[in-house]
Each structure stands twice: as C-alpha cells, then as structure tokens.
Amino acid sequence: MILVTGGLGYIGSHACVSLSNAGQEVAILDNLSNSKASVLQRLRGICPNSVRFEKGDIRDKATLSRLFGTYQISAVMHFAGLKAVGESTKSPISYYDNNIGGTLCLLEAMTTAGVKTLVFSSSATVYGDSCNVPIPEESLRSATNPYGRSKLFIEDILADLHSSDDQWRIARLRYFNPVGAHESARIGEDPVGIPANLMPYIAQVAVGHRERLNVFGGDYPTRDGTGVRDYVHVMDLAEGHVAALRALQRQGGMLTVNLGTGSGTSVLEIIDAFSRVSHRDIPYQIVERRPGDVAQCYAAVAHAERVLEWKAKRNLADMCADHWRWQVENPNGYPQS
Ligand code: NAD
Ligand code: UDP
C-alpha cells in the first residue's frame, strides 16, 4: 500500500487514480485544510483498487505512527503542504511549520517504521528567477518567497537524509504548471476564492463566473509579449509519479527530475486554445506585470525521459478540454460533503 499525504488535494487525488490504475492500494492522509471530504467518494468511484482515508495532519506523530502500524506501507507520496505564494509572504511561519515541520514529522515516522521510499512534490519555483530556458535540473536554485524557500529547504533535507543513509530511495519531482482534470470530470482543481493561477481563472471566465481575465504583462520579451509557461496535464503529472516510484524500486538512489512537457505556451495562446475547446469568448485585458513573475519558464525534459522512462502525452487541447469538462460539470467545484 502507498501512503499519499495530501491525497484529497488537486495533484494528490489524480496521483491516487494513477496509482490505483497501476494496481496499487492507497491510504490517504489529509487534514482537509485545502480540500473537501467529498473528493473521497469521487475517488472511490473511479479508482479500481481500495482507497483508505484518514483525516489527520502530517504534523501529528500519533496519527502517523498509527497509520504505519495499521497498514503495510511500502512507500510514501508526499503532496501535503501549503502552496500559495502570496499567502506565504504574509504567514511565513505557518508555511515553514506545515511544509518543513510536516515533512520532518513524516520523515521521522517513516524512519521509525522502516519505510524508506519517498516521492516528494517539489516545484519549478526552486529555479527562482532563472531565465535560461529550457531549464535543466542542474540549474542554480534560489527562492524569492517563503513557499519557494520551504521547497528548497525540503529538497536539501532530503539530500542530507539520503547522504546519511543510502537505503533511502527518494524522488524530488519539480512540477511545472499542472492543469486539466481527470477525463471523467469527477475530480479536478477546486480553488478556494479567486483563483491565483491562470487556467482555473480562465475556466471561471469561460463559464461566466468572472467577467474578464487580467493578463499580467504584455511587454515581456516573448513571442507575443505575454508570459510563457510549461503547462502539463495533471494526469501526465500523476503518471510521472508512478513512473518515479517504479524508477526508485528499480534502481534506488535519489532522483531529481523536472515534470513538464518541455514546451512553453504564452497566456494569449492559452486563452485561444481554451476558447476553441469551450466555444466561449474569453474577455481579457492586458494589465501591469505581476511582481515576481518571470518572462518564460519551461522544462528540460531529457532527464525525465531517461531516468523515469516517462514523457507527457497530452497536448494543450487535451488540457483545456479536460479542464473545461470539469468546470462545466462542477461549476461550483466539489460538493461540501
Ligand atoms: P492542494 O492544496 O490541492 O493539495 C494539498 C493537500 O494537502 C490538500 O488536500 C490539503 O488539505 C492537504 N494538507 C495541507 N497541509 C496538510 C497537513 N499539514 N497535513 C495533512 N494534509 C495537509 O495542492 P496541490 O496543487 O495538489 O499541490 C500538491 C503539492 O504539489 C504541494 O506540496 C504543492 O506545493 C506542490 N506543487 C503544486 C503545484 C501546483 O501548481 N498545483 C506546483 C508545484 C508544486
Ligand atoms: N497570469 C495572468 N493572469 C492571471 C493569472 C496568471 O496573466 O490571472 C499569467 C502569469 O503572469 C504567468 C502565467 O499566467 O505568466 C501563469 O501563471 P500561474 O499563476 O498560473 O503560474 P506561475 O506563475 O506559477 O507559473
């Protein structure tokens, strides 16, 4: 059985489906701080294998020890954490406590239980202001906010852990921009309040919940002046996790891998693609740049292809179509319970 922390969240829930499709049973630990309990029923409806759930916090040692005592856990996928960059600058302590403190508790419990295989959700944010695209894994890392710094610290903690005991098998996966939803439209991204990210914001404009999109900056040195990112379908990302687990089982060691498609898409190109699949107008206006944004950021993917034997398969139209189907079938996100 695989323990999935944060498994009711956006990426973790999709990873549960991929794990289940690969024949694994999963146990989810989630404190519901950024997800709803109704995700569980949805997941059970689409996962072919059993999905256990424990409501609890990764910082709670008693809960962790009970989980490791109850289930035969062979590996952990660790998604639980806080992820809003803006909020992290206002509440750094809660970000360090949740992300770093939580990871330390988890690692301690894993050590005690003798479970030494971990797949960790890192982020392209660890490349900081790097603008040498495509970005390879060995690029210099830096952080511009507490959220990013928490990912940097955790990456370093995991490296130290692996150096101290090479029985540990650890994958540090650096996600680029996850978008889309499971093709069933039963699970997807359900942001609280005003979406901070582009794709959910566009989806809410297309469905009529918001009037127009603010495009942050039209004067970047990119092909149309708007920011370029590497959007990757969340199911490709989820399958990347299963591939990482297999790679760890195959060869052990510590892997640090970008999960992206390797190609960049501008904001205007996303608007156009989304408008085509949804057959809706997406009104927008170009406004000031958003502080902290880089012009372009997309992954070098050769390492993922070689080490994980994984490559993103779904294209931009698939990402928009699946995101749109999820939005239309769940205009208000998940039900409360
Ligand atoms: P999410 O908020 O949808 O999911 C995180 C889940 O963890 C939520 O269900 C939340 O309730 C749970 N959680 C948070 N703190 C917890 C705690 N202390 N104990 C137990 N459960 C807790 O986020 P997501 O988009 O699925 O992201 C998952 C991971 O991937 C995060 O670590 C995030 O930093 C990382 N990541 C996300 C993105 C992205 O764009 N979504 C990009 C790069 C990296
Ligand atoms: N963006 C935008 N309007 C929005 C949200 C995002 O123009 O309401 C742009 C943003 O400036 C960036 C791209 O869309 O160029 C992706 O932003 P997102 O916040 O989704 O991801 P990240 O900044 O983490 O790459």
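Counting starts at 1 for both ligands and their atoms, following the listed order.
Within 6.0 Å of the CZ atom in R276, the count of heavy atoms belonging to other residues, nucleotides or ligands does not exceed 12. By the 6.0 Å contact criterion, CD on E54 is enclosed, its count of non-hydrogen atoms from other residues, nucleotides or ligands being greater than 12.
A salt bridge links E239 and K313; the closest N-O separation between the charged side-chain nitrogens and carboxylate oxygens is under 4.0 Å. The residues K61 and E108 are annotated as salt-bridged, a charged nitrogen and a carboxylate oxygen being separated by less than 4.0 angstrom.
Y231 and T261 form no side-chain donor-acceptor contact under 3.5 Å, judged by distance and modelled atom types alone. At a cut-off of 3.5 Å, with distance as the only test, a side-chain donor of N330 or R42 sits close to an acceptor on the other residue. For E87 and Y95, the side-chain atoms include at least one donor-acceptor pair closer than 3.5 Å. With hydrogens and angles left out, the side-chain atoms of H233 and D318 include no donor and acceptor closer than 3.5 Å.
Closer than 4.0 angstrom to ligand 1 lie heavy atoms from G6, L8, G9, Y10, I11, D30, N31, L32, S33, N34, S35, G56, D57, I58, R59, F79, A80, G81, K83, N98, S121, S122, S123, Y147, K151, Y175, P178. Near ligand 2, N177, A196, N197, L198, L213, N214, V215, F216, G227, R229, Y231, V267, R290, D293 each place a heavy atom less than 4.0 angstrom from the ligand.
When the options H162, H78, H241 are evaluated for a ring-ring contact (aromatic ring centres under 6.0 Å, His included) with F120, the one that passes is H78.
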